[in-house]
Amino acid sequence: MKSIDTRGFQQDLLGWYHNNKRDLPWRKDGDPYKIWVSEIMLQQTRVDTVIPYFNHFMRLFPTIKDLAEADEETVLKAWEGLGYYSRARNLHTAVNEVQEHYGGVIPADPVSIRKLKGIGPYTAGAISSIAFHYPEPAVDGNVMRVLARIFTICDDIAKNGARKRFEAIVREIIAENEAADFNQALMELGAMICTPRDPDCHSCPVAEHCYAREEGVQAYLPVKAKKKPPKNVYLDTYVVVNAGGELLIEQRSDTGLLAKLWQFPMTEKEQEQEKLQDEVSYVQHVKHVFSHLVWEMDVYLLQIGEEEEQAWLEANERRKFVHPDDLTLYPFPVSHQKIIDGAIADNMN
DNA sequence: TATTCGTGGGC
DNA sequence: TGCCCAAGAAT
């Protein structure tokens with residue numbers, strides 16, 4: 001391990017952060033609840049994407065108590081479009097844990113924080129340091145990238161065990177009395193200056209401490225293995241309309257992909273097939289790309305009579321007919337938004 | 001340890 | 001366009 005001037009590094013980093021930190025809604029006060037919510041939303045999600053969701057979320061659920069007492073479906077609706085929906089369900093579970101076990105007050109120690117649902121090593125460190133000023137590491141992708149360059153570390157940061165080495169480094173170089181700013185400064189630097197592609201070394205406040213810069217290898221760090229390509233899934237999707245003009249929707253499984261969100265009935269097919277013909281009219285093809293799979297959806301419109309309603313409902317306990325205007329009450333995945341738009345447009349005819 | 005969890009933006 | 005990426009956690 002190469003060594004740096006730790007005190008000089010801290011001063012240069014903290015000085016830059018003081019003058020350049022972004023004015024973000026969760027930085028306006030030190031409310032641990034706001035910091036918690038923001039950290040969950042920010043997992044694998046950009047700041048610009050999170051800001052409107054955070055502001056809306058705080059109007060709906062201003063306090064832990066408000067969030068704990070809300071229906072899970074209401075929380076999921078507030079999360080609609082943000083992705084990784086288990087974050088919303090786990091956060092809802094965790095705030096109820098705080099209500100029951102901690103009298104509604106977020107525990108201040110890192111060990112207790114880490115035990116809450118949906119809070120892993122990074123988020124525990126982030127809340128502990130930012131909200132409660134413990135000198136704990138908060139190692140995310142930014143921090144691994146920055147430190148890989150500062151110390152020319154060639155470990156594959158895509159590997160699961162990589163984080164621990166960086167946590168050990170942070171424990172050595174963290175500004176003990178300014179842990180909140182130090183951790184945020186490392187992340188801010190990674191987001192604004194020490195970016196994945198084309199890092200702006202000329203503007204970097206800690207360039208003189210950076211071995212990658214000195215050796216001219218910043219473009220080759222960090223090392224990160226490529227992930228395998230997504231798998232294709234072929235689906236028939238049915239917009240079923242009854243005699244009353246209502247649409248058939250169903251709630252997805254309590255676990256797995258898009259858990260507990262709503263959708264139009266879908267059936268998976270072995271592979272890409274000929275379009276269906278009788279009884280149904282083909283509407284559109286919708287392609288939706290997830291992290292690890294791709295949905296190829298053939299969407300069909302199906303008008304049914306009263307006698308057919310029961311059969312469609314009995315095929316799945318989690319189905320119901322709803323008026324088109326009421327679709328906005330349910331959390332749908334983004335993959336279904338354009339189907340909804342089309343379905344409502346069709347219903348106007 | 002590797003895979004499963006979304007989505008939108010940038011080039 | 002296709003690919004990479006973003007303040008990760010759960011399994």
Side-chain angles (χ1 to χ4, degrees), chain A residues 21-22 24-27 34-54 76 79-91 93-94 113-131 137-146 156-164 166-167 170 180 182-192 194-199 222 224-231 233 252-261 263 287-295 331-338:
Chain A
K21 66 177 178 181
R22 290 169 289 183
L24 302 173
W26 46 89
R27 286 179 176 167
K34 291 177 186 166
I35 292 167
W36 181 6
V37 171
S38 74
E39 289 299 339
I40 301 299
M41 287 187 170
L42 285 163
Q43 290 169 5
Q44 299 293 284
T45 311
R46 286 184 162 76
V47 166
D48 289 345
T49 300
V50 165
I51 289 173
Y53 280 92
F54 177 85
L76 279 174
W79 211 270
E80 182 182 58
L82 196 53
Y84 287 150
Y85 299 96
S86 66
R87 293 183 296 174
R89 293 184 288 104
N90 289 339
L91 173 61
T93 299
I113 291 170
R114 175 66 180 83
K115 289 177 181 172
L116 295 168
K117 196 79 171 175
I119 296 183
Y122 161 74
T123 306
I127 297 173
S128 299
S129 61
I130 299 171
V139 175
D140 70 336
N142 285 312
V143 174
M144 287 194 284
R145 181 172 61 257
V146 170
D156 179 1
I157 66 167
K159 284 197 178 302
N160 210 314
R163 192 196 66 254
K164 284 199 169 186
F166 292 97
E167 286 176 344
V170 171
F182 183 87
N183 281 339
Q184 292 182 93
L186 275 183
M187 293 187 277
E188 197 89 343
L189 186 72
M192 309 298 291
C194 195
T195 50
R197 288 168 308 181
D198 196 20
K224 189 176 184 181
K226 295 178 182 175
K227 50 185 175 184
K228 63 177 187 181
K231 171 188 163 189
V233 177
R252 292 178 60 83
S253 163
D254 291 343
T255 59
L257 181 68
L258 304 168
K260 296 187 177 179
L261 269 64
Q263 65 180 18
K287 177 178 180 175
H288 189 79
V289 180
F290 296 88
S291 315
H292 60 298
L293 57 88
V294 179
W295 277 2
F332 281 85
V334 167
S335 58
H336 278 237
Q337 289 302 334
K338 70 173 71 169

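Chain letters run A, B, ... following the sequence lines, proteins first, then strands; residues in each count from 1.
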Working for ring pair (Phe, Tyr, Trp, His ring centres under 6.0 Å), residues A/Phe290 and A/His288: CA-CA 7 Å; A/Phe290 296 88; A/His288 189 79; 4.7 Å; yes

Residues A/Met41, A/Leu91; criterion side-chain contact (heavy atoms from CB on, under 4.5 Å); working and verdict: CA-CA 10 Å; A/Met41 287 187 170; A/Leu91 173 61; over 6 Å; no

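For A/Ser129, the side-chain hydrogen bond (donor to acceptor under 3.5 Å, both in side chains) partners two or more places apart in sequence, or in a different chain, are A/Asn183. Considering only residues two or more places apart in sequence or on other chains, A/Lys34 meets the salt bridge (Lys or Arg N to Asp or Glu O under 4.0 Å) condition with A/Asp29. The salt bridge (Lys or Arg N to Asp or Glu O under 4.0 Å) check on A/Arg27 picks up A/Glu188, with sequence neighbours excluded. With sequence neighbours left out, the side-chain hydrogen bond (donor to acceptor under 3.5 Å, both in side chains) criterion links A/Asn142 to A/Asp140, A/Arg145.
Residue contacts for A/Leu82: at a heavy-atom cut-off of 4.0 Å it reaches a base atom on one of the strands shown. Residue-level contact check: A/Ser291 touches the bases, meaning some heavy atom is under 4.0 Å from a base atom. Here A/Leu24 lies in heavy-atom contact (under 4.0 Å) with a base. When heavy atoms are screened at a 4.0 angstrom cut-off, A/Val143 is found touching no nucleic acid atom at all. The residue A/Gly190 sits apart from the nucleic acid: no heavy atom pair falls under 4.0 Å. When heavy atoms are screened at a 4.0 angstrom cut-off, A/Arg252 is found touching no nucleic acid atom at all.
Taking atom C1' on both B/dT1 and C/dG8, the two are 16 Å apart, rounded to the nearest angstrom. For the C1' atom pair drawn from B/dG6 and C/dC4, the interatomic distance equals 15 Å after rounding to whole Å. The P atoms of C/dA7 and B/dC11 are separated by 16 Å, rounded to the nearest whole Å. C/dA6 and B/dC5 have their P atoms separated by 22 Å, with the value rounded to a whole Å.
Closest to the side chain of A/Lys226, out of C/dA7, C/dC5, C/dC4, is C/dC4. Of the candidates C/dG8, B/dT3, C/dA6, C/dG8 carries the atom nearest the A/Asp140 side chain, counting heavy atoms from C-beta on.
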Filtered N/O pairs between nucleotides 8-11 of chain B and protein, under 3.5 Å:
from: B/dG8; atom 1: N2; to: A/Arg46; atom 2: NH1; distance (Å): 2.3

Between the protein and nucleotides 9-11 of chain C, which nitrogen or oxygen pairs are less than 3.5 angstrom apart?
from: C/dA9; atom 1: OP1; to: A/Gly120; atom 2: N; distance (Å): 2.9
from: C/dA9; atom 1: OP1; to: A/Gly120; atom 2: O; distance (Å): 3.4
from: C/dA9; atom 1: OP1; to: A/Thr123; atom 2: N; distance (Å): 2.9
from: C/dA9; atom 1: OP1; to: A/Thr123; atom 2: OG1; distance (Å): 2.8
from: C/dA9; atom 1: OP2; to: A/Tyr122; atom 2: N; distance (Å): 3.4
from: C/dA10; atom 1: OP1; to: A/Gly118; atom 2: N; distance (Å): 2.5

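Closest approach of A/Tyr53 and A/Glu80 over heavy atoms only: OH-O, 2.8 Å. Nearest approach of A/Val334 to A/Gly81, heavy atoms of both residues: CG2-CA, 3.9 Å. Nearest heavy-atom pair across A/Ile119 and A/Ala124 is CG2-N, 3.4 Å.
C/dG8 atom C1' lies 12 Å from atom CD1 of A/Ile127, rounded to whole Å. At whole-Å resolution of the value, CZ in A/Phe54 and P in C/dA6 are 22 Å apart. For the pair A/Lys231 NZ and B/dC5 P, the computed distance is 11 Å after rounding to whole Å. When rounded to the nearest whole Å, the span between CZ of A/Arg87 and C1' of B/dT4 equals 14 Å. Summarising the geometry, the separation between NZ on A/Lys227 and C1' on B/dA2 is reported as 14 Å, rounded to the nearest angstrom. One atom, CD1 of A/Ile40, and another, P of C/dA6, lie 19 Å apart when rounded to the nearest Å. One can place OH of A/Tyr84 at 6 Å from C1' of B/dC5, the figure rounded to the nearest angstrom. Rounding to whole angstrom units, CG of residue A/Leu293 and P of B/dT4 are separated by 9 Å.
Nearest-nucleotide assignment on DNA chain B puts the 5′-proximal partner with A/Lys159, out of A/Lys159 and A/Phe290. Nearest-nucleotide positions on DNA chain B for A/Lys228 and A/Gln44 put A/Lys228 closer to the 5' end.
Within the 4.0 Å cut-off from OP1 or OP2 of B/dT3, not a single side-chain nitrogen or oxygen of A/His292 is found. For the OP1/OP2 pair of C/dA6 and a distance below 4.0 Å, the side-chain nitrogens and oxygens of A/Arg145 include at least one atom meeting the criterion. Contact between the side-chain N/O atoms of A/Lys224 and the OP1/OP2 oxygens of C/dA6 is found at a separation under 4.0 Å.
Remark: the A/Tyr122 side chain and the A/Gln43 side chain contain no N/O donor-acceptor pair separated by less than 3.5 Å.
Between A/Glu39 atom CD and A/Trp26 atom CH2 the span is 8.5 Å, to the nearest 0.5 Å.
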